[in-house]
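Below, chain A is the first sequence line, B the second, and so on; all start at residue 1.
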Number of protein chains: 2
Amino acid sequence: MDRDQTEKDDEASGQGRPTLKTLAFMTGLGVTTVSRALKDAPEIGAETRRRVQLVAKQIGYRPNRAGVRLRTGKTNVISLVLNTEREIMSFVSDIIYGVSEVIADTPYHLIVTPYSRSQDPLDPIRYLVETGSADGVIISRTQPNDPRARYMLERGIPFATHGRTDMGLIHPYHDFDNYAFATEAVRHLAGIGRRRLALLAPPVELTYHSHTLNGFTDALSEVGASEIPFNTVSVDHSIEQIRMRTAQLMRRDVRPDGFVSSAAAATLAIVAGIEDAGLKLGRDVDVVSKQSSDLLHLFRRELLVVNENFRLAGAELARSVLGWIGGATPGSLQSLSKPTGVLAYRPPD
Amino acid sequence: MDRDQTEKDDEASGQGRPTLKTLAFMTGLGVTTVSRALKDAPEIGAETRRRVQLVAKQIGYRPNRAGVRLRTGKTNVISLVLNTEREIMSFVSDIIYGVSEVIADTPYHLIVTPYSRSQDPLDPIRYLVETGSADGVIISRTQPNDPRARYMLERGIPFATHGRTDMGLIHPYHDFDNYAFATEAVRHLAGIGRRRLALLAPPVELTYHSHTLNGFTDALSEVGASEIPFNTVSVDHSIEQIRMRTAQLMRRDVRPDGFVSSAAAATLAIVAGIEDAGLKLGRDVDVVSKQSSDLLHLFRRELLVVNENFRLAGAELARSVLGWIGGATPGSLQSLSKPTGVLAYRPPD
DNA sequence: GTGACAATCTGTAACGTTTCAGTATATAGG
DNA sequence: CCTATATACTGAAACGTTACAGATTGTCAC
C-alpha cells in the first residue's frame with residue numbers, strides 16, 4: 001500500500017518526446033503552470049515564464065497536435081480543396097507553394113482534399129466540416145451562386161475562395177481581374193488592327209466566365225470591333241477539342257483575326273488549330289493569352305501574353321483564411337490582383 | 001448532494017458529432033464494447049456487432065481523429081515532401097492526384113510538407129519524424145546516397161522514394177526507367193541519321209542523373225555515335241540559362257545534330273536556343289524529350305517525345321507507403337515504370 | 001493580529017479513443 | 001453441487017492538452 005505514490009510521476013524525464021509533464025518535472029512546476037507560461041498568460045511570474053520558455057526551447061518541446069486538437073478542437077490545419085481533373089496544372093503547384101510560403105512559420109499544416117469526376121463538389125466540404133478536419137478551407141472553381149461558400153458561411157467555418165461569388169454574401173476571396181485582362185487584350189488586338197475577335201472563355205458555370213466575357217464585350221464595343229462567337233468550347237475542354245473547333249472556325253468565311261484565350265494550355269491548342277487551317281499566327285491572326293508561367297513566348301514568339309500569378313493567389317488566399325481564423329472581419333480579407341506586367345507586345349514585322 | 005449521478009452521462013444523445021459515448025448510449029452498451037464491435041473484435045457477440053455497426057452507419061459515426069491519434073499514435077496521415085522551387089510543375093499536380101486516388105477510400109489524409117531554398121532537405125523529414133506528424137512519407141529528388149532515406153530507415157518510419165537510392169539499403173521506391181528512356185532516345189536519333197548527340201541531363205546530385213547518363217553513353221557506343229558535352233546546364237537550370245547555353249553550343253563548329261532532354265520545360269528552352277542560333281528543328285537537329293503531359297507535339301511538330309506518367313508514379317508511391325505501413329516487406333514495394341508508348345516518331349519530310 | 005486582496009501557482013476533469021484487467025453469466029466437467 | 005472455462009460485456013486508466021476552481025503565499029490596512 002505504500003508504493004503507489006512514488007511511481008506516480010511516471011519517469012517524466014524519459015526519452016520519448018518531451019511533453020508538458022516533462023517540462024513540469026524539469027522545472028519543478030505544475031503542468032498547468034507550464035502550459036500557461038508557454039502561452040504568456042498574465043498570471044505567471046515574469047521569471048517563471050522566462051525559465052519555462054528557456055527550458056522548452058532547450059529540449060525542443062513542441063506541443064502535441066493531437067492533444068491540443070482533442071482538447072480545444074483546433075486542428076491547425078488548412079485544407080485546400082481541389083478538383084482532380086479540371087484544375088489547371090500550374091495552378092495546383094503554384095497555389096500550394098503560395099499557401100506553404102504563408103503558413104511556413106505558423107503551426108498550420110496544409111492538407112489537400114481532392115474530389116473527383118462527377119462527384120458533388122459539396123461532398124469534400126461536408127466531410128471537412130462534419131469531421132472538423134480543418135480550421136480553414138480554400139476552394140477554387142468558384143461559382144456565382146456557390147453552394148460550398150453558402151454552406152461554410154452557414155456553419156461559420158472560415159474559408160476563402162479563389163474567384164468571387166455573386167450571392168450578396170460577404171466572404172474572403174482572392175481573384176484575378178479577368179475583366180481587366182479581357183479589356184486589355186481586346187484593346188491591344190484592336191490597336192494592332194484586329195477587328196473580328198473570338199474569345200476562348202472559362203467554363204460558363206464559373207464566376208470568372210462572366211467577368212471575362214463582360215470585359216471582352218465591353219471592350220469590343222469601346223473599340224468598335226466585332227465578336228466571332230466561339231462558345232462551343234471553353235478552357236475546360238480537351239486540347240484536341242479546342243484544336244479541332246479552332247480549325248473549323250478558321251476555315252469559315254468570316255473567321256476571327258484575333259483570339260483572347262483564358263488559359264495557356266488552351267492557347268497551344270488554339271495555335272495548333274490555326275495552323276491546321278493553314279493560317280499563320282502574327283500574320284493572319286493574333287492571339288492574346290493568359291499564362292501563369294513564362295513559357296508561351298517560347299512556344300510562338302508572336303503570342304501576346306498577360307501574366308496571372310497563382311503563387312501570389314495562394315499566398316493571398318492563405319493570408320485571408322488565417323486572417324479570418326484570427327478574428328478579422330471577412331469583408332476586409334478580399335483582394336483582387338490586376339493583370340501584372342502586361343507582356344502583350346508585338347514584335348515588329 | 002443528490003444531483004451528481006443523474007447528470008453524469010452528459011446528455012450523450014446531444015446534437016454534437018456522435019462519439020463512442022453516443023453510440024454506447026443509443027445501443028445501451030458500454031463504450032468499450034462499442035469500440036470493439038466496430039473493429040470486428042472476436043469477443044463480441046455476432047448480433048451485438050451487427051447492431052452496433054448498423055447504428056453507427058445510420059447516425060454517420062466517424063471516429064475522432066484526434067482521439068485515435070492521441071491514444072494510439074496513429075495519425076492516418078501521409079506526407080508528401082516537396083521542394084518549393086525545384087520541383088517540376090506538372091509533377092506536383094499529377095503526383096498529388098495519383099496519391100489522392102489511392103488514399104481516397106482509406107482513412108488517410110494527404111499533407112504537403114514543403115521545404116524551400118537553401119534549406120537542408122533533411123529538415124522537413126526531421127520535423128515529421130520528431131513530431132510524429134505522419135504514418136508515412138513520400139520524398140522526391142532522391143539521391144544515390146540519400147540522408148533522408150537513411151534517416152527514416154534508422155527510425156523505422158515507412159516511406160517511399162520517387163527515384164532509387166544506391167546505398168545498399170532496401171526501401172520502397174517508384175522510379176521511371178530513365179536508362180531505357182535515354183537508350184531509346186539515342187537509338188531513335190541514330191536511326192534518323194543523327195551522329196553527334198548532346199544530353200540535357202538531370203542535376204548531378206540526383207540518382208536519375210547517372211541512370212540517364214549511363215543509358216545515353218551506353219547507347220552512344222552501341223550505335224557508334226559521339227557525345228557533344230553539354231553539362232554546364234541541367235534540367236534544374238532556368239529556362240533562360242538553358243536557352244543561352246544551347247544557342248552558344250549550336251554556334252560552335254562541332255555542334256550537336258541531336259538532343260536528348262530530360263524535361264519538357266527544358267526542351268522548350270533548347271528549341272528556343274536552337275532557333276536563336278539560326279538553325280531549324282527537324283532539319284539541322286532533332287530533339288527527343290521526356291514529357292509528362294501531351295503538349296510538346298503542339299509546340300513543335302518535329303519534337304520526338306517519350307511519356308512519363310507522374311500520376312501513375314504518385315499512385316504507385318502511395319501504394320508502396322501504405323503497403324509498408326500495412327506490414328508488407330519493403331523489398332516487395334519497389335516498382336519501375338518503362339517508358340510508355342514511346343511517341344518518338346518523325347513526320348516524313 | 002486579523003481580514004482582505006492580489007500575485008502565483010496547482011490539482012482535477014475533460015476532450016474521444018483504446019487497452020488492461022476485470023465482472024457477470026452461462027455451459028460443461030467432475 | 002461445486003469448480004473450471006469460455007463467452008460477452010464493462011469500468012478505469014491513459015495518451016497530452018487546456019479550463020475551471022481552488023490553494024498557498026505575502027502584503028497591507030486597520
Separation of atom CZ in R17(B) from atom P in dC15(C), rounded to whole Å: 14 Å
Below 4.0 Å: OP1/OP2 of dT10(D) and any side-chain N or O of T33(B): yes
Whole-Å gap separating P (dT18(D)) and CG (N64(A)): 10 Å
Spacing of CG belonging to L128(A) relative to CG belonging to D135(A), to within rounding of 0.5 Å: 11.0 Å
Of the listed nucleotides dT18(D), dT17(C), dC15(C), the one nearest the side chain of K21(B): dC15(C)
Range-with-range stems of DNA chain C (Watson-Crick or G-U pairs under 3.5 Å, three or more in a row): C:1-30 with D:1-30
Pairing of R50(A) and E47(A) as salt bridge, 4.0 angstrom limit: no
Spacing between L29(B) atom CG and dA24(C) atom P, to the nearest angstrom: 17 Å
L38(A) CG to dA19(D) C1', straight-line distance once rounded to whole Å: 16 Å
Short side-chain N/O contact to dG11(D) OP1/OP2 from T32(B), under 4.0 Å: no
Salt-bridge criterion met for R36(B) and E43(B) (N-O under 4.0 Å): yes
5'-most by nearest nucleotide on DNA chain D - T19(A) or R36(A): T19(A)
Atom pair distance, as rounded to whole Å: CG in L20(A) and P in dT10(C): 13 Å
OG on S35(B) to CG on L29(B), rounded to 0.5 Å: 12.0 Å
Salt-bridge contact E87(B)-R141(B) (side-chain N to carboxylate O under 4.0 Å): no
Atom pair CD1/CG of I139(B) and L82(B) - distance to nearest 0.5 Å: 11.0 Å
Residue mapping more 5' on DNA chain D - nearest nucleotide basis, G30(B) or G67(B): G30(B)
Pairwise distance CD(Q58(B)) to CD(Q53(B)) - rounded to 0.5 angstrom: 13.0 Å
Sugar-phosphate only, base, or nothing, as touched by T72(A) at under 4.0 Å among non-hydrogen atoms: sugar-phosphate
Euclidean distance, atom CG of residue L70(B) to atom P of dC15(D) [Å, nearest integer]: 9 Å
Between C1' of dA19(D) and NZ of K74(A), the distance in whole Å: 17 Å
From CG (L70(A)) to OG1 (T75(A)), nearest 0.5 Å: 13.0 Å
Audit row: F159(A), H171(A), ring-ring contact (aromatic ring centres under 6.0 Å, His included) steps and yes/no: CA-CA 8 Å; F159(A) 68 96; H171(A) 61 82; 5.3 Å; yes
Over 12 non-hydrogen atoms of neighbours within 6.0 angstrom of CD1 in I170(A): no
Near-strand residues of residues 42-49 of chain A, defined as heavy-atom separation under 4.0 angstrom from DNA chain C: E43(A), I44(A), G45(A), T48(A)
Distance test, side-chain N/O of K39(A) to OP1/OP2 of dT18(D), below 4.0 Å: yes
R71(A) side chain, from C-beta outward: closest of dA19(D), dC9(D), dT17(C): dA19(D)
